[in-house]
Amino acid sequence: MKHWTGISEFVAVAELQSFTKAAKQLGISVAQVSRNIAELEASLAIKLLYRSTRSVSLTEEGLLYLQHCRHLVASLEEANRTLANLKATPRGQIKLTAPVFYGETRIAPLLHDFMQQYPDTELDLQLTNNKLDLVQGGFDLAIRLGTLESSSLIARKLASRTQYVVASPAYLARNGIPQNLTDLTQLQCLTGTVAQWRFMQQGKLVQFKPQGRIVCNSGVALMDAALKGLGLVQLPDYYVSDKLQSGELVAVLNELRQPDDGIWAIYPQNRHLSAKVRVLVDYLAAKLN
């Protein structure tokens, strides 16, 4: 096991960019972290880290070494947790983040049900539309919507979402029902944080730049504007499904609707076999489908 000395410490420091945070995560002293990494560098005869009083950064060799060591550490932790979690039940704090509206209406109620089922769990839920750094923030889990960016995080699809273009019956009665994207250019479009609306046309994904009097970063506010006859808006099903069912909103251009995209649980590699995360992700996947 001599060859393992310093590897866990090196990976922790490289990911957290702090000897102090790495020591806290590993449950050892800062001095021990420093000694073990120094011993590792000596055995390799290569400098892995640049150290200063204020920052830590990787050398070119350190960056290359990290790519290999990260998988080694994750595999070892997985092996240890596999044995420890064979009969484990969820317990302890679960820290996760989710988008505001979806988190309020879909995720939080399920988390509360989960906590009733597993009374030894605690919850730290942060709702934000910003994509937080899971490793730096110490998060066990994040809920992400739509197309995922490439990353080293583990992702599991929990459900799908459908995007609708909707308007009030009164607006469509006054202005006509659009039959194609050319018709859409003549109508008021209510715009959110996504600058382009996406459609499928002749088997290809195409983008449409909406134009209108209202731009807002809140889906709830845009839906209210649509309900009051101010234009059309493209929103996911969890915003508009009840209004479509009641007839307060009408979906248009359904034949051009883009393919459904995903609702995802993502988590750092060193979290994915803990009992609390594993059971919670299974629970969410079962309830959201």
Side-chain angles (χ1 to χ4, degrees), residues 97-107 127-134 142-151 153 155-172 174-245 248-266 288:
T97 179
V100 176
F101 181 78
Y102 193 78
E104 289 174 339
T105 58
R106 297 292 196 274
I107 299 300
L127 299 180
T128 174
N129 292 330
N130 297 324
K131 293 183 178 179
L132 303 180
D133 187 307
L134 302 193
I143 304 300
R144 297 275 166 85
L145 309 175
T147 302
L148 294 179
E149 299 174 357
S150 177
S151 75
L153 299 171
R156 177 174 171 183
K157 190 174 182 180
L158 301 176
S160 297
R161 66 174 186 173
T162 302
Q163 298 278 0
Y164 290 95
V165 175
V166 299
S168 70
Y171 181 84
L172 296 175
R174 291 195 311 268
N175 299 279
I177 299 174
Q179 303 299 318
N180 50 53
L181 299 188
T182 301
D183 290 347
L184 202 55
T185 63
Q186 308 303 313
L187 300 173
Q188 286 289 325
C189 296
L190 311 171
T191 309
T193 54
V194 178
Q196 306 280 346
W197 293 359
R198 298 193 303 169
F199 297 92
M200 284 296 291
Q201 196 169 52
Q202 297 179 343
K204 295 182 180 179
L205 194 63
V206 298
Q207 294 187 333
F208 172 83
K209 185 168 179 148
Q211 300 289 334
R213 296 164 55 200
I214 296 177
V215 178
C216 182
N217 65 349
S218 166
V220 173
L222 291 173
M223 183 174 65
D224 181 73
L227 287 166
K228 293 176 178 175
L230 292 174
L232 300 103
V233 65
Q234 187 178 65
L235 287 171
D237 47 15
Y238 45 83
Y239 279 98
V240 301
S241 56
D242 291 345
K243 304 301 181 184
L244 291 174
Q245 188 172 1
E248 295 173 84
L249 292 174
V250 176
V252 300
L253 299 174
N254 289 331
E255 67 281 2
L256 300 181
R257 186 183 301 150
Q258 64 174 297
D260 291 354
D261 55 17
I263 296 167
W264 307 86
I266 66 169
L288 290 171

For residues 255-262, dump all side-chain donor-acceptor pairs below 3.5 Å to protein atoms at least two apart in sequence or in another chain.
| residue | atom | partner | partner atom | Å |
| --- | --- | --- | --- | --- |
| R257 | NH2 | N254 | OD1 | 2.6 |
| Q258 | OE1 | R198 | NE | 3.2 |
| Q258 | OE1 | R198 | NH2 | 2.8 |
| D260 | OD1 | T162 | OG1 | 3.0 |
| D260 | OD2 | T162 | OG1 | 3.1 |
| D261 | OD1 | R161 | NE | 2.7 |
| D261 | OD2 | R161 | NE | 3.4 |
| D261 | OD2 | R161 | NH2 | 3.4 |

TODO: Keeping to residues at least two apart or across chains, list the ring pair (Phe, Tyr, Trp, His ring centres under 6.0 Å) pairs with something in residues 213-244.
DONE: F101-Y239, Y102-Y238
Open item on the list: Quick test of your reading: applying side-chain hydrogen bond (donor to acceptor under 3.5 Å, both in side chains), list the pairs with at least one residue in residues 199-210, sequence neighbours left out, ordered by first then second residue.
Closed with: none
TODO: May I have all residue pairs that pass salt bridge (Lys or Arg N to Asp or Glu O under 4.0 Å) and include part of residues 210-235, sequence neighbours excluded?
DONE: D224-K228
Task: Minimal non-hydrogen separation, A195 against P210, with atom names - done: O-CD, 3.2 Å
- [ ] Search all heavy atoms of N130 against all heavy atoms of T128 and return the closest pair with its distance.
- [x] N-OG1, 3.0 Å
Task: Side-chain heavy atoms of M223 within contact of V166, under 4.5 Å - done: no
Open item on the list: Once side-chain hydrogen bond (donor to acceptor under 3.5 Å, both in side chains) is applied, do any residues pair with T193, and if so which ones, sequence neighbours excluded?
Closed with: none
Task: Q211: side-chain hydrogen bond (donor to acceptor under 3.5 Å, both in side chains) partners, not counting sequence neighbours - done: none
Task: Nearest non-hydrogen partners of L190 and L222, listed with the distance - done: CD1-O, 3.7 Å
TODO: List the steps, then state whether side chain to side chain contact (heavy atoms under 4.5 Å, CB included) holds for L253 with W197.
DONE: CA-CA 12 Å; L253 299 174; W197 293 359; over 6 Å; no
TODO: Would you name the heavy atoms of P169 and V250 that are closest together and state the gap between them?
DONE: CG-CG2, 3.9 Å
Open item on the list: According to ring pair (Phe, Tyr, Trp, His ring centres under 6.0 Å), does anything in residues 210-230 pair up with another residue at least two apart or in another chain? List the pairs.
Closed with: none
Open item on the list: To the nearest 0.5 Å, what is the distance between OG1 on T97 and CD1 on I143?
Closed with: 9.0 Å
Task: Which residues share a side-chain hydrogen bond (donor to acceptor under 3.5 Å, both in side chains) with K131, sequence neighbours left out - done: none
TODO: Could you walk me through whether N217 and N129 pass the side chain to side chain contact (heavy atoms under 4.5 Å, CB included) test, one step at a time?
DONE: CA-CA 10 Å; N217 65 349; N129 292 330; over 6 Å; no
- [ ] Would you mind listing every side-chain hydrogen bond (donor to acceptor under 3.5 Å, both in side chains) that reaches into residues 176-191, with sequence neighbours excluded?
- [x] none
- [ ] Starting at OG of S168, measure out to CZ of R174 and round the result to the nearest 0.5 Å.
- [x] 6.0 Å
Open item on the list: Using every non-hydrogen atom in the two residues, find where Y164 and V240 come nearest and quote the distance to one decimal.
Closed with: CD1-CG2, 4.0 Å
Open item on the list: The criterion is side chain to side chain contact (heavy atoms under 4.5 Å, CB included); which residues satisfy it with D242, sequence neighbours excluded?
Closed with: none
TODO: Sequence neighbours left out, what passes side chain to side chain contact (heavy atoms under 4.5 Å, CB included) with V252? Give chain and number order.
DONE: V165, L172, I177, P178, L232
TODO: Hey, could you give me the CG/CG distance between L134 and L153, rounded to the nearest 0.5 Å?
DONE: 5.5 Å
Task: Distance-minimising heavy-atom pair for L148 and A155 - done: CD1-CB, 3.6 Å
Open item on the list: Please report the interatomic distance CZ(R156) to CH2(W264), rounded to the nearest 0.5 Å.
Closed with: 11.5 Å
TODO: Check salt bridge (Lys or Arg N to Asp or Glu O under 4.0 Å) between E104 and all other residues, then give those that pass, not counting sequence neighbours.
DONE: none
